[in-house]
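Note that ligands are numbered from 1 as they come in the structure, with each ligand's atoms numbered from 1 the same way.
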Amino acid sequence: MAKKILAVVGSLREGSFNRMLAMKAKELVGDEAEFEILDYSGVPLLNQDIEFPAPEAVATAREKIKEADGIWIFCPEYNHFFSGVLKNFLDWMSRPVSNTEGQVMNGKKIAISGISPGMSGTALAQDHLVTLLAFLNADIMNMPRLTIPHAMGLIKDGKLELGESEKYLLRQKDAFLKFIEE
Ligand code: FNR
């Protein structure tokens, strides 16, 4: 049966570079696996007063995480950290589903990529993200991770053209497909 990859883009903005990168990854994955970009725009700010029963958007996202063989996170960099929306999302996912069911990130296989206009290509944000994911006991593919700097220079007619960097995304895709097979 085809493996399922769920992409989580840490930016809600329409023209997000990280969303464009996720779309490129989807193109490269082709029919080698199912690839869905999660819409979690309806997940509210975490407030323990509304934790149980879980809001519908949270419950739906948890189901999709549970069904996925791998989660591919596309991580923007905000102030050398990952974005607040991604932190909020992962905080929700880090909470137990019920009294009898634990949190859904436990043991999940994860790939991390990111693109930014700056020089770091999201490397600093990714390191922080790894710290959080390790705490959730996720199974992180640390090699390769992908960092793409200078995003502005890669936008042609409103589209992301990776050029030379595309081979690194291809390499990461191949590695992740192998990682989720193991
Ligand atoms: C940024 N940006 C940014 N870029 C970077 O390379 N290093 C950084 O530390 C920051 N810090 C930062 C803070 C805040 C609050 C914002 C809003 C932005 C720029 C950021 O990387 C850029 O807007 C990206 O385009 C965001 O990713 P998406 O939305 O294109 O996926």
Notebook entry, point to check: Can you find a heavy atom in the side chain of I155 that is under 4.5 Å from one in the side chain of F17?
Noted result: yes
Per-atom filter on ligand 1: closer than 4.0 angstrom to a heavy atom of G118 are 6 (O)
Considering only protein heavy atoms, determine whether one is less than 4.0 Å from atom 23 (O) of ligand 1. no
shortest atom 7 (N) of ligand 1-to-protein heavy-atom contact is with E77 OE2, 3.1 Å
Stepwise salt bridge (Lys or Arg N to Asp or Glu O under 4.0 Å) check, K87 with D91
CA-CA 6 Å; K87 176 68 163 58; D91 282 342; 2.9 Å; yes
_Axial cation check for F35 ring with K26, 6.0 Å and 45° limits_ = no
Checklist line | Heteroatom proximity flag, Y78 to ligand 1, N/O under 3.5 Å | finding: no
Ionic contact status for R145 with D127, cut-off 4.0 Å: yes
Logged contact type for R13 with ligand 1, heavy-atom cut-off 4.0 Å, is side chain
For K159, look at atom NZ and say whether over 12 heavy atoms of other residues, nucleotides or ligands are found less than 6.0 Å away. no
*Counting both backbone and side chain atoms, is some N or O of R19 under 3.5 Å from an N or O of ligand 1?*
no
Between R62 and E101, is a salt bridge (Lys or Arg N to Asp or Glu O under 4.0 Å) present by the stated rule, with each step listed? CA-CA 12 Å; R62 283 178 175 151; E101 189 181 350; over 6 Å; no
(Q) Is there a polar contact between ligand 1 and N18, counting only N or O atoms under 3.5 Å apart? (A) yes
heavy-atom search around atom 9 (O) of ligand 1 in the protein gives H80 N, 2.9 Å
Short version for S16: what comes under 4.0 Å of ligand 1, heavy atoms counted, is both
Of all protein heavy atoms, the one nearest atom 6 (O) of ligand 1 is S116 OG, 3.2 Å
Kindly state whether the ring of H128 and the ring of F81 have centres lying under 6.0 angstrom apart.
-> yes
So the atoms of ligand 1 within less than 4.0 Å of a heavy atom of P76 turn out to be 27 (O)
inquiry  = With a 4.0 Å cut-off on N to O distance, would you call E63 and K66 a salt bridge?
reply    = yes
Checklist entry - Does an N or O from F17, backbone or side chain, lie closer than 3.5 Å to an N or O of ligand 1? => result yes
Note to self: Strictly below 4.0 Å, N to O, side chains only: are D69 and K4 in salt-bridge contact?
What the structure shows: no
**Prompt:** Going by heavy atoms, is P117 under 4.0 Å from ligand 1?
**Reply:** yes
For atom 11 (N) of ligand 1, the closest protein heavy atom turns out to be N79 N, 2.7 Å
